Structure formats: C-alpha cells, structure tokens
Amino acid sequence: MYNTILIDKKDRVTTLTLNRPEKRNAMSPELHAEMVQALTELAHDDETAVLVITGAGESFCAGQDLKKYFHEIRDTPAAREAARKNSHDWRYRILNHFPKPTIAAVNGYCFGGAFTVVASCDIAIAADEATFGLSEINFGHIPGGMVAKIVADAMIPRQALFYILTGRKFDGKTSRDIGFTTMSVPRANLMDTVYEIAEELKAKDPLALRACKEAFKQVDLRRISHEEALSWLTAKSDQLIRKQSQRGGIDGIESFLKKEYRPGFGPAPQVNA
C-alpha cells in the first residue's frame, strides 16, 4: 500500500518502519501523507496493541528531506500547505495523542525534524551508537516546525540550548542522560529490548494504558495548576472505572484484595479487551 513506509504486524505489536534508506529516511511530502493515513488506520486497528516506530537501514530519520520538502514545492503554495499540514498532523496531533502505547526504536541517525517523532512517542529507546543532532544552526536556521518546543519540553534546558546553538552531534547514551530518550542499549540489543517492553505493555489493561497516557499529557504543570490537575484527574479516574465496568472485565482492586496478584510485581489477571 505504501511507497515510503513498511508495516509489519505480529502478535498485536505493529512495527512501522520509515523506509527511505537511500535518503537516511528523510521525510518527504509523500512520507508525511502516508504516515497520516497509516497512523489514522492503526489507531483503530484491533490487531495493534502496541506501536513501534523505527527506520530502515542505518538511520532512524534524518529530518525533513530538504530537496523534496522545501526546495521542490517552494513555489507551489497548495502543495507546500498540504505538506506542512501532514507533517504536523502525524508527528504531533496523531502520534502524540495515539490511543495505544508507542515506542520509538532509534537505531541510527536522528536529526532535526525527527526529534518530534521521538518526543511524540511514549517511550524512546536509543541505540548507544545512534547519532542525534540539531543541525539547523549549521545552515543558518532555527529548529522550526515544533522542534524547538519539544526539545525545550523534553530535554534538560541547559543541554537543549547548548545543542541547539552549537549543532553538535551526540550519541544514544547522551540522549538518555539529557532526558530526551528513555534509555539506551547496544545496537545489537535494540529491537530485542523494544519488543520485550512491548510484550510487557500488552499485558496491561488497554483502557488503563490509554487513560494513563491522557492523564500524563493533560496535566503537565507547565500548562495547568495543581487544582486544575486534581479536578481533571478525578474526573478521568471516574470515567475509567465506568468504562471498565461497562466492559465487564476483572476489577483490579477487588482482585488485589482477594490476594490474586501483587500490583507491585505485575498486572492484574488479563481483563477482557
């Protein structure tokens, strides 16, 4: 179905691979359009419990394709507007609010606009050997298209500004140390680690997983007060309990009181999907 991405489904874990290895998986207008379509469909796909995003070959994503995204359509306003809209929609509006857990497997080069893909995923696992860079300064520009915003939110502020101003590259271990990724592992162990985490997520209640994501992202105290967060989280908790009850699944608290499991050591018995 797609020219620039690959989709593989196995045991309710879907791996979406950016597939332009000859261009280090740089994002073209076509790739943006295909990602909007694919993510929209996968959000409602019963065979997808966890989504993994990675890149083909030696790169995760080299950012925007400067030739196809900027140069070739600069004099075509309609095409330029469509590319901008699709680019923002899938990397922020759709991926950031994806209803299922998402994992970025950063296998290699990750530059510029690719930072928004990593930041919008719930969990980001980097190869130790991966190479990150905010190289916009080197061609006299800023990290635009939401990049500066997500870097400021995700990274230690002093580190974020340092890499924005210098354009210096950094590796997977540093990406972990400055707060941009969740962890880093040797490249040879990357996908095994990613799929191990995916299996762990699959065992959780999907309604609770979605509610946890929404709760975390909605009550960011940089945007709302403690009082607003308390009100929102109380309403969200009540909503989740009602949905679980309507589904007819197992009550995790009741199971705990019956000593059927220990929540500190694993999830409640599998609830009905």
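The residues of the chain are indexed from 1 along the displayed sequence. The figures here come from the full heavy-atom set of this structure, side chains too, leaving out hydrogens, waters and symmetry mates. These numbers were taken from a predicted model, which means no experiment stands behind them.
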Roughly how far, to the nearest 0.5 Å, is the [atom2] atom of [Y] from the [atom1] atom of [X]?
| X | Y | atom1 | atom2 | answer |
| --- | --- | --- | --- | --- |
| I53 | I5 | CD1 | CD1 | 9.5 Å |
| N86 | E34 | CG | CD | 10.5 Å |
| I125 | I197 | CD1 | CD1 | 4.0 Å |

With the side chain counted from C-beta on, respond yes when [X] and [Y] share a heavy-atom pair under 4.5 Å apart, and no when they do not.
| X | Y | result |
| --- | --- | --- |
| K9 | L42 | yes |
| L165 | I137 | no |
| Y163 | V151 | no |

Short side-chain to backbone donor-acceptor contact, [X] and [Y], under 3.5 Å:
| X | Y | result |
| --- | --- | --- |
| D128 | G172 | no |
| T14 | L51 | no |
| R91 | G113 | yes |
| K217 | N96 | yes |

Report whether F98 and L201 are members of the same hydrophobic cluster (ILVMFWY, side-chain heavy atoms less than 4.5 Å apart, transitive linking). no

Assess whether a salt bridge exists between K23 and D65, defined as any Lys/Arg side-chain N lying under 4.0 Å from an Asp/Glu carboxylate O. no

Face-on cation placement of R24 at F60 ring, 6.0 Å and 45° thresholds: no

Just checking, is any N or O donor in the side chain of S59 or N25 under 3.5 Å from an acceptor N or O on the other one? no

